[in-house]
Amino acid sequence: MGMDSRIEIKVTNPKKVDNVVHPVGQGHATSASSPPQPSASSPPTDGRGRQQQQVLEEGLRHSRGRGRQGRGLIDYMPFKNWVPWLIPGFVIANVVVFLISMFINNCPKNSSSCVGRFLGRFSFQPMKENPLLGPSADTLEKMGALDVIKVVHKHQAWRLISCIWLHAGVFHILANMLSLLFIGIRLEQEFGFVRIGLLYLFAGFGGSLMSALFIQAGISVGASGALFGLLGSMLSELITNWTIYANKLAALLTLIFIVVINLAVGLLPHVDNFAHIGGFISGFLLGFVFLIRPQFGYVSKKHIPTGYIVTSNKPKHKPYQYILWLVSMILLVLGFTFGLILLFRGVNLNDQCSWCHYMSCVPTKLWSCKSQQAYCESIEYQNQLNLTCISNGKSSIYNLSGESTSQVQQLCTKLCSR
């Protein structure tokens, strides 16, 4: 079965990560206006399952105007979509961890006013203690909630990651998991579980790190930082792959609107907006690193059958994509490095920035942004007894070496009652 050396190129989808070239079988030759027909001789899809392919530049259609008949036709068919399993797995893991935390909490053992006592040890803490229908703060702290004092002075840095798998209550986990399914599955289908899994974890870490640098009172839990990281990566993915999208401006404005609305919600009290902001910035930079696509018109030579000639010599990526990748990688490494250095030195960035607390909560006549938690904790660190007092989001450390136990207690009471 011979084919004429003149080959017509047909564009079937301009938004795919790679290209597959295959001939339409005999009897399937169509005009340029007819729908593409799948070929029985299509090469097998790449096991990595890439979803979105680029197409050959439209200039390759010039052979149409020369009037020769019997031209062959090459279709560029998309790869099969990834089957999303990691994001659903994350959802299941979060639900299982929440159930474990409720089992450990065992409200009936510690309180007589539990909500939903018919659930036994899975019943919830009293509404006045936890209105989100969940465990106590002590249980969450034991399970790995973000506690800056323990991270800094007890070397429990693992809490920066463990906290993103914990949730304060049913309403909290329900909102986060629905958002994760809505955003994450689409991204995993397009980019695969490796890139989206890494992006989720690094963005969650970035959110926890920023939260720890600004909010040092109480504990923090939730996957919101990682979720905002996914939103940020969607925005950077749109920017770095700008040339392959139609309706670019509408998509950009819609995404920015969604991000702004979600960040605005974080201005309410008792919401850790610093985790949202840190996760969003991390995800935005990670999107330039993990979600880069080949440019429009690029053809992967390894998918072109033997004997087929393609005149497109476009490079895989545009120069600006390489620049964004490099700049983002540098900013990520520097940001995480300096953030960890500041954290383990006990720096509270609220002391360096008098207005930054407004990024997490804006006081109004309807609510107050002052932290209701004030406590002191004595810690033996580097052979010295230190007293750390946290009140209204600010921490103070006092050296108590040589002081008696009663003097420590009196000082603690005095400091934390300010």
Side-chain angles (χ1 to χ4, degrees), residues 87-108 110-111 113-147 159 162-185 200 203-204 207-208 211 215 217-231 258-280 360-362 364 366-369 371-373:
I87 294 300
F90 281 171
V91 172
I92 293 173
N94 278 275
V95 172
V96 169
V97 171
F98 179 72
L99 292 176
I100 293 174
S101 66
M102 292 305 304
F103 181 83
I104 294 175
N105 185 65
N106 194 10
C107 181
N110 305 306
S111 175
S113 55
C114 300
V115 178
R117 292 189 66 88
F118 64 92
L119 296 173
R121 66 185 299 152
F122 289 95
S123 57
F124 311 111
Q125 292 296 120
M127 292 292 290
K128 64 181 181 179
E129 181 180 346
N130 187 346
L132 297 177
L133 296 181
S136 66
D138 288 340
T139 299
L140 291 172
E141 190 273 331
K142 293 176 183 177
M143 292 285 293
L146 179 59
D147 185 335
R159 291 179 178 271
S162 63
C163 67
I164 69 177
W165 303 97
L166 296 168
H167 289 84
V170 173
F171 297 139
H172 190 201
I173 192 172
L174 183 63
N176 278 352
M177 293 305 100
L178 288 177
S179 300
L180 179 57
L181 287 172
F182 180 76
I183 301 171
I185 285 184
Y200 182 89
S208 298
S211 174
I215 301 179
I219 62 173
S220 178
V221 295
S224 301
L227 291 173
F228 270 83
L230 295 181
L231 280 175
I258 294 173
V259 171
V260 170
I261 291 298
N262 280 275
L263 288 175
V265 173
L267 299 178
L268 297 173
H270 310 301
V271 178
D272 188 356
N273 209 31
F274 284 113
H276 298 171
I277 296 171
F280 178 81
S360 185
C361 182
V362 176
T364 68
L366 300 178
W367 61 73
S368 172
C369 293
S371 173
Q372 300 300 315
Q373 292 181 322

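As a basis for the values below, the full set of heavy atoms in this structure was taken, side chains included, without hydrogen atoms, waters or symmetry mates. Heads up: numbering here begins at 1 and tracks the sequence. Everything quoted here is computed from the prediction, not taken from an experiment.
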For a quick test of reading the model, state the closest non-hydrogen atom pair linking I258 to N262 and the distance between them.
O-ND2, 2.7 Å
Quick test of your reading: applying ring-ring contact (aromatic ring centres under 6.0 Å, His included), list the pairs with at least one residue in residues 116-145, sequence neighbours left out, ordered by first then second residue.
F103-F122
To the nearest 0.5 angstrom, please state how far the OH atom of Y200 sits from the CD1 atom of I183.
10.5 Å
In this structure, which one of K142, R121, Q125 forms a side-chain hydrogen bond (donor to acceptor under 3.5 Å, both in side chains) with N105?
Q125
S220/I215 under side chain to side chain contact (heavy atoms under 4.5 Å, CB included): CA gap, chis, key distance, verdict
CA-CA 9 Å; S220 178; I215 301 179; over 6 Å; no
If you compare all heavy atoms of G204 against all heavy atoms of I164, which two are closest, and at what distance to 0.1 Å?
O-CG2, 3.9 Å
So do I277 and F228 actually touch side chain to side chain, heavy atoms under 4.5 Å?
no
Shortest non-hydrogen contact between I219 and A137, atoms and distance
CD1-O, 3.5 Å
Between L133 and F98, which heavy-atom pair has the shortest distance, and what is it?
O-CZ, 4.0 Å
Would you name the heavy atoms of S208 and L146 that are closest together and state the gap between them?
O-CD2, 3.6 Å
Can you check whether S136's main-chain N or O pairs, donor with acceptor, with N130's side chain at less than 3.5 Å?
no
Looking at CD1 of I87 and CE of M177, how far apart are the two atoms once the value is rounded to the nearest 0.5 Å?
9.5 Å
I173 side, atom CD1; L132 side, atom CG - distance, nearest 0.5 Å:
11.5 Å
With a 4.5 Å heavy-atom cut-off, do L180 and L230 have their side chains touching?
yes
Checking L99 now: which residues fulfil side chain to side chain contact (heavy atoms under 4.5 Å, CB included) with it, not counting sequence neighbours?
V95
Exam field: side chain R117 to backbone C107, donor-acceptor pair closer than 3.5 Å:
no
Which heavy atom of F274 sits nearest a heavy atom of S211, and at what distance?
CB-CA, 4.0 Å
State which residues pass side chain to side chain contact (heavy atoms under 4.5 Å, CB included) with V265; sequence neighbours excluded, sorted by chain then number.
L268
Can any side-chain N or O of S123 pair as donor or acceptor with the backbone N or O of G120 at less than 3.5 Å?
yes
Go through the structure and list residues passing side chain to side chain contact (heavy atoms under 4.5 Å, CB included) with N176, not counting sequence neighbours.
H167, H172, A223, S224, L227
Report the residues that fulfil side chain to side chain donor-acceptor pair (under 3.5 Å) with N273, sequence neighbours left out, ordered by chain and then residue number.
H276
Among residues at least two apart in sequence or on other chains, which ones pass side chain to side chain contact (heavy atoms under 4.5 Å, CB included) with L174?
L178
